[in-house]
Amino acid sequence: MDIYSIPLSDPDTWKIFSSTESLGDTPEQINSVVGTFGVPEFGTPFVRQMLIDTMPKTFAELVRISGLSHGTDVWLGNAQDLIKSGTATITTCICTRDDIMIYLINKGLEHGQAFTIMESVRKGKGLKPDWIDEMKSHGVPDWYIESCKKIKYMFPKAHAAAYVMMGWRIAYCKIYYPLAYYAAYFSIRATAFSYELMCQGKEKLEYFMDDYEKRKDTLSKKEQDTQKDMKIVQEMYARGFEFVPIDLYKANAHTFQIIDGKLMPALDTIEGLGDRAADAVVLAAEDGAFLSKDDFRNRTKVS
């Protein structure tokens, strides 16, 4: 499949950013009202909450959200408050640096001055008094001026658009090629996947998730990464997909694979089995069946 041929207006892909409907699960099953777990730029708790707060309805609004999420002092304490109060909307608040120049030009400011103001704001240098006077004389509202003053850094629109196009394409694959998506995600992006914790069924996974949630304030960095991966696995189970037990003679060392409509985890997802050991098991298995545990230890050098 050519990922660049994926349409950017698919209605089911759109639903990922506004609900979980297209995934076939419910918000209660995955503890989220949007389905963007594992979607680049839209999968973190911070951006998922932005989606909930803004309820975007167009691709252009997703680009604006990406701009907000990558800026400094652009969303929190700024655009978020303006949207919640009804002062502005996702289409009228400042989201990318380009917004400022285009808005000021449309208000009647001279092009060069609009560019200069944009450059100052996006670098966090604020507004000069004479600029403020000029903006007010052209009908720029006070809330817009105050918003400019708070900004420390702004993202370019083209960069935001590129990120959203990438995220959209991944979301499309998540809907229409789910097993391939999860196989790729767990092989490449998951940093703390655990065969013992995640591949023994939905009930056991949720038992460990509850335990992690109770200890959330004291989790180690590795446990935090594991918890993040658990949420993707929970979603996979909620969509009706399952893992097949690891087979020493079929499993890959580092990549998941699709077997009979299920996912077989990689050997390195077994706790304590490092990269070299996983490679050694695969190489040894190519020479024939293991006759005993001792034969396995001798041929793989695994403890």
Side-chain angles (χ1 to χ4, degrees), residues 14-20 27 31-37 39-109 113-161 163-164 167 216-217:
W14 174 257
K15 292 174 184 175
I16 275 189
F17 299 94
S18 57
S19 71
T20 64
N31 298 313
S32 176
V33 299
V34 293
T36 54
F37 286 117
V39 175
E41 306 302 320
F42 293 96
T44 64
F46 177 66
V47 182
R48 291 203 313 276
Q49 187 59 50
M50 290 180 68
L51 292 171
I52 295 168
D53 289 344
T54 58
M55 296 304 291
K57 297 178 177 60
T58 65
F59 186 88
E61 289 177 1
L62 291 179
V63 174
R64 298 182 69 76
I65 288 172
S66 182
L68 288 168
S69 68
H70 287 89
T72 304
D73 292 345
V74 181
W75 174 247
L76 295 177
N78 198 339
Q80 183 184 42
D81 295 340
L82 292 171
I83 291 173
K84 284 185 175 180
S85 67
T87 304
T89 67
I90 185 61
T91 59
T92 60
C93 65
I94 305 171
C95 300
T96 63
R97 63 181 68 167
D98 312 56
D99 293 342
I100 298 173
M101 183 179 73
I102 294 171
Y103 177 81
L104 294 179
I105 289 174
N106 288 336
K107 280 291 187 178
L109 271 75
Q113 185 175 40
F115 175 81
T116 300
I117 292 173
M118 174 194 71
E119 285 293 283
S120 179
V121 172
R122 66 102 170 173
K123 294 176 182 178
K125 296 181 179 180
L127 299 172
K128 294 181 179 180
D130 57 319
W131 294 346
I132 295 175
D133 292 339
E134 184 71 10
M135 291 165 74
K136 287 184 176 181
S137 70
H138 285 81
V140 177
D142 290 339
W143 68 262
Y144 195 97
I145 293 171
E146 291 304 312
S147 182
C148 287
K149 291 179 180 179
K150 295 177 181 178
I151 292 168
K152 297 296 186 294
Y153 168 74
M154 293 217 77
F155 212 51
K157 186 175 183 179
H159 205 159
Y163 277 177
V164 174
K216 63 181 179 181
D217 294 331

Measure across Ser120 and Gly126 and return the closest heavy-atom pair with its distance rounded to 0.1 Å.
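For Ser120 and Gly126, the tightest heavy-atom pair comes out as OG-O, 2.7 Å.
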
Enter the distance from Thr116:OG1 to Leu109:CG here, rounded to the nearest 0.5 Å.
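So the gap between those two atoms works out to 10.5 Å.
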
At their closest point, which heavy atom of Trp143 faces which heavy atom of Ala88, and how far apart are they?
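Taking every non-hydrogen atom into account, CH2-CB, 3.8 Å.
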
How long is the gap from OG1 on Thr36 to CE on Met50, to the nearest 0.5 Å?
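Separation between the atoms: 11.5 Å.
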
So do the side chains of His138 and Met135 get within less than 4.5 Å of each other, counting heavy atoms only?
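No, too far: nothing below the 4.5 Å cut-off.
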
To the nearest 0.5 angstrom, please state how far the CZ atom of Arg97 sits from the CD1 atom of Ile151.
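That separation rounds to 11.0 Å.
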
Within the structure provided, determine whether Pro156 and Thr96 are in side-chain contact (heavy-atom separation under 4.5 Å).
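No, too far: nothing below the 4.5 Å cut-off.
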
Could you please spell out the steps behind the side chain to side chain contact (heavy atoms under 4.5 Å, CB included) verdict for Trp131 and Ile145?
CA-CA 10 Å; Trp131 294 346; Ile145 293 171; over 6 Å; no

Before accepting this row, confirm whether a basic side-chain N of the pair Glu146/Lys149 lies closer than 4.0 Å to the acidic partner's carboxylate O.
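Salt bridge flag = yes for Lys149 with Glu146.
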
Find out whether Phe37 and Arg48 are in side-chain contact, i.e. whether some heavy atom of one side chain is under 4.5 Å from a heavy atom of the other.
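Yes; the side chains approach each other to less than 4.5 Å.
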
Could you point out which residue of Leu127, Asp142, Ile117, Val140 forms a side-chain contact (heavy atoms from CB on, under 4.5 Å) with Ile132?
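One option only clears the test, and that one is Leu127.
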
Beyond-backbone contact of Arg64 with Thr54, side-chain heavy atoms, under 4.5 angstrom:
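They are not in side-chain contact.
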
Looking at CD1 of Ile94 and CZ of Arg122, how far apart are the two atoms once the value is rounded to the nearest 0.5 Å?
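Going from the CD1 atom of Ile94 to the CZ atom of Arg122 covers 14.5 Å.
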
Taking all heavy atoms of Leu62 and all of Pro56, pick out the closest pair and write down the distance.
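So the minimum-distance heavy-atom pair works out to CD2-CG, 3.9 Å.
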
Below 3.5 Å, can you tabulate the donor-acceptor pairs from side chains in residues 68-85 to any protein atom, sequence neighbours excluded?
from: Ser69; atom 1: OG; to: Ile65; atom 2: O; distance (Å): 3.4
from: Ser69; atom 1: OG; to: Ser66; atom 2: O; distance (Å): 3.0
from: His70; atom 1: ND1; to: Ser66; atom 2: O; distance (Å): 2.8
from: His70; atom 1: NE2; to: Glu41; atom 2: OE1; distance (Å): 2.8
from: Asn78; atom 1: OD1; to: Ser147; atom 2: OG; distance (Å): 2.7
from: Asn78; atom 1: ND2; to: Asp73; atom 2: O; distance (Å): 3.0
from: Asn78; atom 1: ND2; to: Ser147; atom 2: O; distance (Å): 3.2
from: Asn78; atom 1: ND2; to: Ser147; atom 2: OG; distance (Å): 3.4
from: Gln80; atom 1: NE2; to: Asp53; atom 2: OD2; distance (Å): 3.2
from: Ser85; atom 1: OG; to: Asp81; atom 2: O; distance (Å): 3.1
from: Ser85; atom 1: OG; to: Leu82; atom 2: O; distance (Å): 3.1
from: Ser85; atom 1: OG; to: Thr87; atom 2: N; distance (Å): 3.4
from: Ser85; atom 1: OG; to: Thr87; atom 2: OG1; distance (Å): 2.8

Hey, what do you get for CZ (Phe59) to CZ (Phe17), rounding to the nearest 0.5 Å?
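That separation rounds to 8.0 Å.
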
Rounded to the nearest 0.5 Å, what's the gap from NZ on Lys123 to CE on Met118? Could you check?
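The distance works out to 9.0 Å.
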
Measure the acute angle between the ring planes of His159 and Phe155, then classify it against the limits of 30° and 60° as parallel, tilted or perpendicular.
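Correct class here is parallel.
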
